[in-house]
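These notes are about the structure you will find just below.
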Amino acid sequence: MSNVRFGLREVPGLAERMATLMCVDLDLKSNDENLESETQEEEKSGSLDNVLEILQKEMDKVKERGVDAAIWLELEALGIDDEMLKSLELSTKFPNLVALNLWGNKLEDAETIIQEVTKCRRLKAIWLNDNRALRLMRVSLALICSSSLVCSCLLRFFSNMSRSSVCIFSGDRISKLILDGIPGLEIYNSCFTSNFGEWALGFCGSIFGADNPGCLSECSGSLASITTLDLSNRCVRCLPKAFSPIMLPSLSHLNIRGNQLDQISVDDLLQLLKSFTLQTLEVDIPGPLGNSALQILEYLPNLSFLNGISASVITETGKHVIDSALQPRLPEWAPSEPLPDRVIGAMWLYLMTYRLADEEKIDETPVWYVMDELGSALRHSDDANFRVAPFLFMPDGKLASAVSFSVLWPIQDVHHGEECTRDFLFGIGEDKQRSARLTAWFHTPENYFIQEFKKYQQQLASRSLPAPKEALITRSILQHDGHSLQVYTDIPHVEEFLTHPKFVLTTNPKDADIIWTSMQVDPEVKKAFELTDLHYTNQFPFEACLVMKHHLAETILKVCQLFFQSLCILQYFIYHILEAAYLMTISLFLDSMLNCTCCGEVVFSMHILTQTKTLSSLLTEFCVNLFLLTSIYTGTGRPEWLQPTYNLETQLSQLIGDYFVRKQDALNNLWILKPWNMARTIDTTVTEDLSAIIRLMETGPKICQKYIEHPALFKGRKFDLRYIVLVRSMDPVQIFLFDVFWNYRGRLNHMNTPEFVREFEEEHQVNWQTIHQGIQDMIRSVFDSAAAVHPEMHNPQSRAMYGVDVMLDHLFKPKLLEVTYCPDCGRACKYDTEAIVGNGGIFRGRDFFNTVFECLFLGKTAHVTPL
């Protein structure tokens, strides 16, 4: 995928063919065609004579119908500007005007619009959409919200202000004044006003229109013949009195999608709908009728179809959220956007993928491809009648000569005239988040995912921690008889650089005291190497909670629940303190009454004796938890140093909800996808395309993490920091941080750490020791979190070394990237450097593993700092 842009630009005709296949070139015409089209449009719509001709036809209709007849004027996209609107004198020529369509004209001045429109006092509906007076305001606000110079706090403020400003400008200065001037207006810019009633319902029920504008006054019984009513996306907050079975006795098909309906309760709305004889209902789920299709059907048992799905099918499948009318996601592009960029923006709607693997390379880079015009034209269906699969033909049996095909075959009987369809998610059911994954191709209900995201945030405060097990004692490994410790390793750097006289390498694992290996020491390995529980290993049980990216986030988020548990402990603790104080007061009172000091002392002492153990244990537990949490908890359910992180295998709905919330708030929506267990950016992608995020799940399990959009830079470039952590014990937590760290990315691979720190401090005018203290606190919190959530991680025979990768944000606060098991230490062994933290001094690269083994197995602390 990294070469897509290059290929589209360099391969002749590729971008043009892909653009045609993906329908992103529809607006591209020759200059002559554009000029001719623009000229014809100007001749058609920009002429006052043309507009007057249309008005004359309407006035002739008035004469035929009578002067009291209602009038509907269609003046859409006729090039009407402010001066022309004044000259038309619509209110004088059409005093009974009930509907005015000025959509897509050239109106710029709000005052002119308000002045001319409010003269038409009998208007029921007006459309001013897509006029410059409304567009200019939105463009200016979009520029404010997209400015990279605005800090995140101001960006949130302006984005919120921009939404309210739309209301202030088009609401207070246009819609409010228009509504005040035309009290009977029911439809404004396609949305229902708070005054909407019988006329607006008749319009949506196809009773009223250009051919039948309706009556100037209420027409009793005009809605009686309506059987289908489409109220979708009308900004309806409450239903009028006209919406009743008396006024709509024939109503059997109702669509209320896209409306908040927040001024009527769920129960009242269900009760109202139950009074109709509805057969089909279209409604957002979750939405104004609740979160469950099953519950809606229970209350409205006469429904035959809900959101296009048979009621019997919904009941059988037990689905709470259903929808058969999902609108497809269509490619979007700017007119000035070049073809390669348009194709890249649309390709995730068309891409297919497969992976090639053999015994030597299990994790090959996935292959993404686009089928030809026929294959790409196949639409999705849950009940598809065809299947498609990639097929590689290798004439000489070698991959280099392979020719790829897409094989298409029917899986059902197909009759003449039927559409050929395929299942975009073949073999993927709800257990693998099928409905959420359809969001890659369709506009799925945003409200559902936003609610899932909000519930997820609430759940962060409600989980419980496992009961801690009894702490094990970490046994010392120091030899009393003076014999050296035998070490078995399969890591070349350890073999080369472990030269300490207390450690001797052996090739027989059975004879070793210490097993230092890059492989997972599981029961099979223990059996093969004849290892016992007396062997020391360089890994802890359940360390996957740290080194697997999805488990790392879960571990950290879970420990944040301690915050709320500690509040409960504090509340309980304070209660007993107050209770003790109360009893002491009673004792002193009795003492004064009986004039017997020993009596009160005995009473109080007895009470304190019974409470001492409880209060002591509560206080200890509370202090430990609170100490841990004050260093990591931010009140958002996650620590400040952990970016929002989602396991795509289980938390896709929550991620989509987070994405939609950020989109609504005009916040940065750039995300980075990382495989669970790969390092060095393998199969890592950065994108703000929701379809891309979902489709990339097809190449293996991943986490999706909010991208650090404002990182600290060094000479204009991003950088990572690698810290080495040595762990002696997880109960109690005994960890040590190497006094030397390494910076890397690009040319920074070769910069000496002291030089980097000196230049960084000079560039940003900061003190590195302050930054380093924040990093130390973060690392300690990471391992404290693991110990709290997974007490079973402790093993007295375990000693381990981990790499912790860190970035700094623009405020120089640390951000955790990942924790790696058995990190690559080639650079640490190769270069000598000066330690600028800890005890300082020169650190010899060749002594790296001697220092590691001294700390972990001999209790030494040279060149390391205890955390």
Side-chain angles (χ1 to χ4, degrees), residues 1 3-4 7-8 11 13-24 323-331 342-358 364-395 399 401-444 648-649 652 683 685 689-702:
M1 297 300 291
N3 296 324
V4 169
L8 288 170
V11 177
L14 179 60
E16 288 75 10
R17 182 180 181 187
M18 290 294 100
T20 300
L21 182 149
M22 298 178 186
C23 302
V24 293
D323 205 322
S324 68
L326 297 178
Q327 296 299 312
R329 292 187 180 275
L330 300 177
R342 296 185 183 193
V343 171
I344 291 173
M347 66 183 183
W348 293 104
L349 302 174
Y350 297 90
L351 284 172
M352 305 276 284
T353 188
Y354 61 85
R355 296 173 71 94
L356 294 175
D358 55 36
E364 286 285 350
T365 301
V367 178
W368 292 92
Y369 66 97
V370 177
M371 292 191 290
D372 62 12
E373 287 76 2
L374 173 62
S376 296
L378 292 170
R379 295 198 297 181
H380 168 78
S381 173
D382 288 338
D383 187 25
N385 50 20
F386 278 82
R387 276 194 62 189
V388 180
F391 174 77
L392 293 183
F393 173 61
M394 295 184 288
L399 186 61
S401 64
V403 180
S404 60
F405 297 89
S406 289
V407 180
L408 174 70
W409 72 95
I411 55 177
Q412 295 182 16
D413 292 338
V414 183
H415 301 93
H416 179 73
E418 289 186 9
E419 181 181 5
C420 301
T421 60
R422 68 180 181 91
D423 187 346
F424 289 178
L425 293 171
F426 179 78
I428 296 176
E430 287 304 325
D431 59 324
K432 296 182 179 179
Q433 309 177 100
R434 178 183 177 86
S435 294
R437 293 175 73 162
L438 284 172
T439 307
W441 297 277
F442 298 95
H443 291 283
T444 49
L648 290 182
E649 294 300 300
L652 180 60
D683 199 15
T685 305
D689 188 327
L690 181 59
S691 294
I693 291 172
I694 299 172
R695 295 296 311 282
L696 285 164
M697 294 173 62
E698 298 171 30
T699 64
K702 292 179 177 63

Which heavy atom of [X] sits nearest to which heavy atom of [Y], and what is that distance?
X: S376; Y: M371; result: OG-O, 2.9 Å
X: R437; Y: E698; result: NH2-CG, 3.8 Å
X: S691; Y: A440; result: OG-O, 2.6 Å
X: I694; Y: A436; result: CD1-O, 4.0 Å
X: L8; Y: A15; result: O-CB, 3.4 Å
X: M697; Y: L648; result: CE-O, 3.2 Å

For the residue pair [X] and [Y], establish whether any side-chain heavy-atom pair is separated by less than 4.5 Å.
X: R342; Y: M18; result: no
X: L696; Y: W348; result: yes
X: R329; Y: T439; result: yes
X: L351; Y: V370; result: yes
X: L378; Y: F386; result: no

Given the rule in the side chain to side chain contact (heavy atoms under 4.5 Å, CB included) test, do D383 and Q412 qualify, once you have shown the distances and angles that lead to the verdict? CA-CA 10 Å; D383 187 25; Q412 295 182 16; 2.9 Å; yes
Per ring pair (Phe, Tyr, Trp, His ring centres under 6.0 Å), Y354 is matched among F391, F405, W368, Y369 by Y369
Single hit among F424, W441, F426 for ring pair (Phe, Tyr, Trp, His ring centres under 6.0 Å) with H380: F424
Counting N and O atoms only, with roles assigned by atom type, does the side chain of [X] sit under 3.5 Å from a partner on the main chain of [Y], one being a donor and the other an acceptor?
X: N385; Y: E419; answer: yes
X: E373; Y: T20; answer: no
X: R422; Y: R387; answer: no
X: R434; Y: L425; answer: yes
X: S406; Y: A389; answer: no

How many angstroms lie between CD1 in I693 and OG1 in T685, if you round to the nearest 0.5 Å? 10.0 Å
To the nearest 0.5 Å, what is the distance between CG on L392 and OG on S401? 10.0 Å
Evaluate the side chain to side chain contact (heavy atoms under 4.5 Å, CB included) criterion for residues V343 and R17: first the C-alpha distance (whole Å), next the side-chain angles of each, then the deciding distance (0.1 Å), finally the verdict. CA-CA 10 Å; V343 171; R17 182 180 181 187; over 6 Å; no
